[in-house]
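To keep things clear, I will list the structure first and then write my remarks on it.
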Protein chains: 2
Amino acid sequence: MTPSLEQLPDEQAQAARFQQARDARNAATAQDYVELISDLIATTGEARSVDVAKRLGVSHATVVKTVNRLQKEGLINTKPYRGLFLTDVGENLATESRHRHQVVTNLLIALGVDEETAQADAEGIEHHISAQTLATFESYLQGHRS
Amino acid sequence: MTPSLEQLPDEQAQAARFQQARDARNAATAQDYVELISDLIATTGEARSVDVAKRLGVSHATVVKTVNRLQKEGLINTKPYRGLFLTDVGENLATESRHRHQVVTNLLIALGVDEETAQADAEGIEHHISAQTLATFESYLQGHRS
DNA sequence: TGTAAATTGTAGCCAAGGCTGTAAAATAAA
DNA sequence: TTTATTTTACAGCCTTGGCTACAATTTACA
Ligand SMILES: [Mn+2]
Ligand SMILES: [Mn+2]
Ligand SMILES: [Mn+2]
Ligand SMILES: [Mn+2]
C-alpha cells in the first residue's frame, strides 16, 4: 500500500506542475487533430471532416468548429468540399505527435501492457510527456529491442 | 525515426480510445481536488480554499465554483469558513488517486526521469492510467526494488 | 473594542469543446 | 437530368474551467 504523504511539495513548484498539466490538456486537441488528419491523408489520400468526426467519435459540427479554430491558428488549411490539409507547421506538429504517440504505445507494450489497452491509454498519456521523459522512454526501448 | 502509419486502426476502436481519453480528461479535476484536499488535511490539519487555490495555481473564485460542483457530486463537504472536507466517496477517490499518482511518479523515476520532471509529467499522466496499466507499472516497480 | 487583514462568497465575463437541428452544396444514383 | 444521399456549413444551446471585480464574513491585532 502507498502511505499518506509525509510532506507537501513547495507551493510554487506544485502550482507549476498543475499549470504544465493544464497547458498539456489545452494542447491535446490540436495534436490529435493534426495527427489524425496526417494519418488519413497518408493512408487514404484525403482527410474529410466526416471521417475525422467518425474516428474521433464526436459530431461533425464539433469537427467543423475545431477545424476553423485550428485554421485560424495556422495548423490546417481547408479547400471547401475538398477535405482538410495541413500547413507546414501542422505537418511538423503531426510528425512530432505521431512519434511521441508511438513511443508511448511501444513503452507500455514493452512493460507488458496488452496492445489494445496500450493504444487506449497512450491516446491520453501522450499529451503529457515532456521532452526529457520522451528521451527516457526512447532509450529504454533502445535497450529492450525484441 | 518513427515511420508513417501503414494502416489505420478500426474506426470504432479508434473512436473508443478517443472517448476514453476525453472521459479521463473530464475526471481529472475531481481527482486533483480530492487528492490535494486530502493531502492538505493530512499534513496541515485543514484544507482552506485559499490554499487549494495557491497550490493549484488558479484563482480562489475558480476553486469556490469547482468545490460547489464537487459538493453537488457528493465528493466534498464544506463547513462555511471552516475549510473543506471529503465525503467517504471523496476520501476513497483521493486514496486511489494518490496511489496511482505515486506509482506513475515512481515508474518515471525508475526509468531514469529526474525527480522534478517526473513530478510534473505525472500530474497529467496519472489521469490516463487504466487499471491494467497501473498493475503493470506496479509489478515493474516490484521487480526493480532499489 | 475596534479596525485591518485574510478568507470566503457572488456576479459576470470568456474560450474550449461538446451537442442538436436545419440549411446548403456537392456527389452519386436512378 | 432529376432525385437522393452525402458532405459541409451554420445557428444556437450547454458544461467545464478559467478570469476579474466587488461584497461579505471571519479572524487577527493594535
Ligand atoms: Mn495521438
Ligand atoms: Mn491523443
Ligand atoms: Mn494527482
Ligand atoms: Mn493530476
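Letters A, B, ... are given to chains in the order of the sequence lines, protein chains preceding strands, and every chain is numbered from 1. Just so it is clear, the values below take in all heavy atoms, side chains as well, and ignore hydrogens, waters and symmetry mates.
- Atom CG in B:N26 sits roughly 17 Å away from atom P in C:dA16 (whole-Å rounding).
- Nearest to the side-chain atoms of A:V50 among the listed nucleotides D:dG18, C:dT8, D:dT8 stands D:dT8.
- Rounded to whole Å, the distance from CG on B:D23 to P on C:dG17 is 16 Å.
- Non-hydrogen atoms lying under 4.0 Å from DNA chain D are contributed by B:R69, B:Y81, B:R82, all within residues 68-83 of chain B.
- Side-chain atoms of A:P9 and B:Q119, non-hydrogen and from C-beta on, never get closer than 4.5 Å to each other.
- Closest heavy-atom contact between A:H128 and B:G124: ND1-CA, 3.3 Å.
- Nearest heavy atoms, A:Y33 versus A:T62: OH-O, 4.0 Å.
- One atom, NZ of B:K65, and another, C1' of D:dC19, lie 9 Å apart when rounded to the nearest Å.
- Remark: C1' of C:dT8 and CZ of B:F85 are 14 Å apart, rounded to the nearest angstrom.
- For the residue pair A:L8 and B:T44, the shortest heavy atom distance occurs at CD1-CG2, 4.2 Å.
- For D:dG18, the OP1/OP2 oxygens have no side-chain nitrogen or oxygen of B:S59 closer than 4.0 Å.
- Of the side-chain N and O atoms in B:R22, none sit less than 4.0 angstrom from OP1 or OP2 of C:dC19.
- Of all non-hydrogen atoms in B:R55 and A:F18, the two that sit nearest each other are O-CD1, 3.3 Å.
- When each of B:R48 and B:T66 is assigned the nucleotide of DNA chain D with its nearest heavy atom, B:T66 is the one assigned upstream, toward the 5' end.
- Spacing between atom CZ of B:R25 and atom P of C:dG17 amounts to 7 Å, rounded to whole angstrom units.
- Under the 3.5 Å distance criterion, with hydrogens and angles disregarded, no donor-acceptor pair is assigned to the side chains of A:S97 and A:E126.
- Among D:dC19, C:dT8, C:dG21, the nucleotide with an atom closest to any side-chain atom of A:H60 is C:dG21.
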Check against side-chain hydrogen bond (donor to acceptor under 3.5 Å, both in side chains), A:E138 and A:H99
CA-CA 10 Å; A:E138 283 170 330; A:H99 174 67; 2.5 Å; yes
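- For A:V64, counting side-chain heavy atoms from C-beta on, the closest listed nucleotide (D:dC19, D:dA9, D:dG18) is D:dA9.
- Listed pair A:T62 / C:dC19 meets the phosphate criterion, a side-chain N or O lying under 4.0 Å from OP1 or OP2.
- Remark: C1' of C:dT7 and CG of B:D51 are 10 Å apart, rounded to the nearest angstrom.
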